[in-house]
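Working notes, beginning with the structure itself.
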Protein chains: 2
Amino acid sequence: MLPMKSRYALKALVFLARHQADGPIPVAGIAAAEAIPVKFLEAILLELRNSGILTSRRGPTGGYQLRVAPQTVHLGDVIRNLSGPMAPLPCLSKSAYHRCGECVDETTCAVRLLMADVHAATLRIVDGTTLAALVARVDAAASGEAEGQSQRCRPQEGPPSAKLDFID
Amino acid sequence: MLPMKSRYALKALVFLARHQADGPIPVAGIAAAEAIPVKFLEAILLELRNSGILTSRRGPTGGYQLRVAPQTVHLGDVIRNLSGPMAPLPCLSKSAYHRCGECVDETTCAVRLLMADVHAATLRIVDGTTLAALVARVDAAASGEAEGQSQRCRPQEGPPSAKLDFID
DNA sequence: TAAAATCCTACCGTAATGGTAGGAATTAGG
DNA sequence: CCTAATTCCTACCATTACGGTAGGATTTTA
Ligand code: FES
Ligand code: FES
């Protein structure tokens with residue numbers, strides 16, 4: 001499960017990307033628009049600022065603003081900054097690697113072989129998607145409500161396995 | 001993070017797939033071979049049996065055994081049975097779906113649009129891989145230690161993004 | 001009948017999650 | 001210079017999930 005912290009952050013960032021022109025936006029405004037607990041969002045945006053993605057200004061007319069262009073914000077970095085590494089195994093994280101005590105040989109570990117693929121696929125998506133791209137996809141989804149499969153959502157047809165559509 | 005429960009389960013299943021011919025194998029044997037806490041593994045194998053993947057026999061000469069062919073065991077089902085649905089968002093799980101209270105419109109939710117891709121990619125891997133295939137990959141990794149990229153591990157080259165190799 | 005195994009229930013310490021409370025520091029406008 | 005709006009910072013807290021452990025009941029073979 002993607003933690004609330006990251007979900008709220010993504011929503012806030014999309015919102016900020018949309019209102020880039022409107023100058024700094026106060027936490028309360030974003031929280032109201034996106035139905036996020038104010039004090040919690042406050043803490044989140046602060047972290048986002050400390051990690052360099054946002055700028056802030058205090059006092060009246062203050063608020064938060066994107067520091068960099070949405071095209072340069074990789075969503076994976078956002079998630080990582082707030083919720084830590086997302087590797088499904090300690091031995092698969094580059095930033096927080098540590099050995100799996102129980103595994104004798106890392107190169108022939110079945111669990112690792114399987115999850116390495118999962119992790120790679122995840123990274124390709126979250127790090128390959130920028131904030132700008134995400135905003136674009138939301139727009140596409142909002143307008144093209146009736147069309148078939150927009151953009152990259154196509155299942156990428158592998159061997160058709162009957163059950164795959166009915167579980168999780 | 002993939003829970004220990006699932007990691008242990010996968011290891012045990014690979015072990016059992018290897019020793020299919022040797023008749024029922026006691027928990028203690030697997031636990032020793034794979035460095036898994038005995039009582040914990042006991043509970044895991046019991047669950048695996050109750051979900052139909054394993055057979056058990058009690059008393060001396062008893063133990064656990066695969067009930068079905070390794071080719072028919074989808075790894076995704078194993079993980080789900082032990083650790084619940086793996087959808088990164090409640091609104092993405094088919095088996096345990098429930099609305100994300102805070103999100104107004106599900107079809108234009110940015111978080112959902114992003115994570116749907118992640119989830120789909122994950123499912124394609126874990127449900128597309130059988131126990132037999134995993135055993136085969138372990139064997140391949142064990143023998144072909146020096147060769148380049150065995151089987152499906154290839155990065156599937158998308159747009160080369162310099163940083164992707166240095167994080168998580 | 002003794003030993004080896006599965007089966008079952010209950011418990012338990014630790015850490016992460018998803019917040020809340022309260023206030024200090026900064027800044028704009030009057 | 002005063003007030004109100006805002007960010008900033010620290011501390012706390014309730015609930016849950018995780019990773020097991022303990023102890024024994026039941027079944028089966030030899
Ligand atoms: S799970 Fe990390 S090495 Fe086996
Ligand atoms: S995250 Fe589920 S609908 Fe927005």
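The structure presented is a predicted model; accordingly, all values stated were derived computationally and were not measured. Order of the sequence lines sets the chain letters (A, B, ...), proteins ahead of strands, with each chain counted from 1.
Only A/Ser56, A/Arg57, A/Arg58, A/Gly59, A/Pro60, listed by number, bring a heavy atom of residues 50-60 of chain A to less than 4.0 angstrom from any atom of DNA chain D. For residues 99-106 of chain A, proximity to DNA chain D is found at no residue, defined as any non-hydrogen atom under 4.0 angstrom from a strand atom.
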Between the protein and nucleotides 11-16 of chain C, are there any N/O to N/O pairs under 3.5 Å, and if so, what are the atom names and distances?
none

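The side-chain hydrogen bond (donor to acceptor under 3.5 Å, both in side chains) pairs that include a residue from residues 81-90 of chain B are B/Ser6-B/Ser83, where partners are two or more places apart or lie in different chains. Sorted by first and then second residue, the salt bridge (Lys or Arg N to Asp or Glu O under 4.0 Å) pairs with a member in residues 48-69 of chain A form an empty list; sequence neighbours excluded. For residues 101-113 of chain B, every residue pair satisfying the salt bridge (Lys or Arg N to Asp or Glu O under 4.0 Å) rule, not counting sequence neighbours, is listed here: B/Glu106-B/Arg112.
Helix bend of the helix from C/dT1-D/dA30 to C/dG30-D/dC1: the angle between its two end axes, each built from five pairs, comes to 10° after rounding to 10°.
Taking the side chain as every heavy atom from C-beta outward, B/Leu46 and B/Asn50 approach each other to under 4.5 Å.
Here the straight-line distance linking atom CG of A/Leu75 with atom CZ of A/Arg80 works out to 10.5 Å at 0.5 Å rounding. Rounding to the nearest 0.5 Å places CE of B/Met86 at 9.0 Å from CG of B/Leu2. Note that the CG atom of B/Leu131 and the CG atom of B/Leu10 stand 8.5 Å from one another [nearest 0.5 Å].
If you measure from atom CZ of B/Arg49 to atom P of C/dA5, you get 17 Å, rounded to the nearest angstrom. Put simply, CD1 on A/Ile44 is 14 Å from P on D/dC8, counting in whole angstrom units. What separates CG of A/Leu41 from C1' of D/dT6 is a distance of 14 Å, to the nearest Å. Going from atom CD1 of A/Ile30 over to atom P of D/dT6 covers 12 Å, rounded to whole Å. Protein atom CG of A/Leu48 is 15 Å distant from nucleotide atom C1' of D/dT7, rounded to whole Å. The CD atom of A/Glu47 sits 13 Å away from the P atom of C/dG18 (whole-angstrom rounding). Counting to the nearest Å, the P atom of C/dG23 and the CD atom of A/Glu42 are 15 Å from each other.
Partners of A/Ala120 by side chain to side chain contact (heavy atoms under 4.5 Å, CB included), not counting sequence neighbours, listed by chain and number: A/Arg124. Every residue was checked against the salt bridge (charged side-chain N to carboxylate O under 4.0 Å, His left out) condition with B/Lys11, not counting sequence neighbours, and none meets it. Qualifying ring-ring contact (aromatic ring centres under 6.0 Å, His included) partners for A/Tyr64, counting only residues two or more places apart in sequence or in other chains: none.
Nearest heavy atom pair, residue A/Val138 against residue A/Arg18, reads CG1-NH2, 3.8 Å.
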Side chain to side chain contact (heavy atoms under 4.5 Å, CB included) evaluation trace for B/Thr130 with B/Val73: CA-CA 5 Å; B/Thr130 66; B/Val73 178; 5.7 Å; no

Test log, rule side chain to side chain contact (heavy atoms under 4.5 Å, CB included), inputs B/Met115 and B/Leu92: CA-CA 8 Å; B/Met115 298 313 289; B/Leu92 283 176; 3.8 Å; yes

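No path of Ile, Leu, Val, Met, Phe, Trp and Tyr side chains, each step under 4.5 Å between heavy atoms, connects B/Met1 with B/Leu89, placing them in separate hydrophobic clusters. Under a hydrophobic clustering in which Ile, Leu, Val, Met, Phe, Trp and Tyr are joined whenever their side-chain heavy atoms come within less than 4.5 Å, directly or via other members, A/Val126 and A/Val68 fall into the same cluster.
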Sugar-phosphate or base contact per nucleotide [nucleotides 10-21 of chain D; S, B, -; heavy atom under 4.0 Å]: ---------SSS

For residues 20-44 of chain B, run the donor-acceptor check on the side chains, cut-off 3.5 Å, and write out each pair with its distance to 0.1 Å, sequence neighbours left out.
none

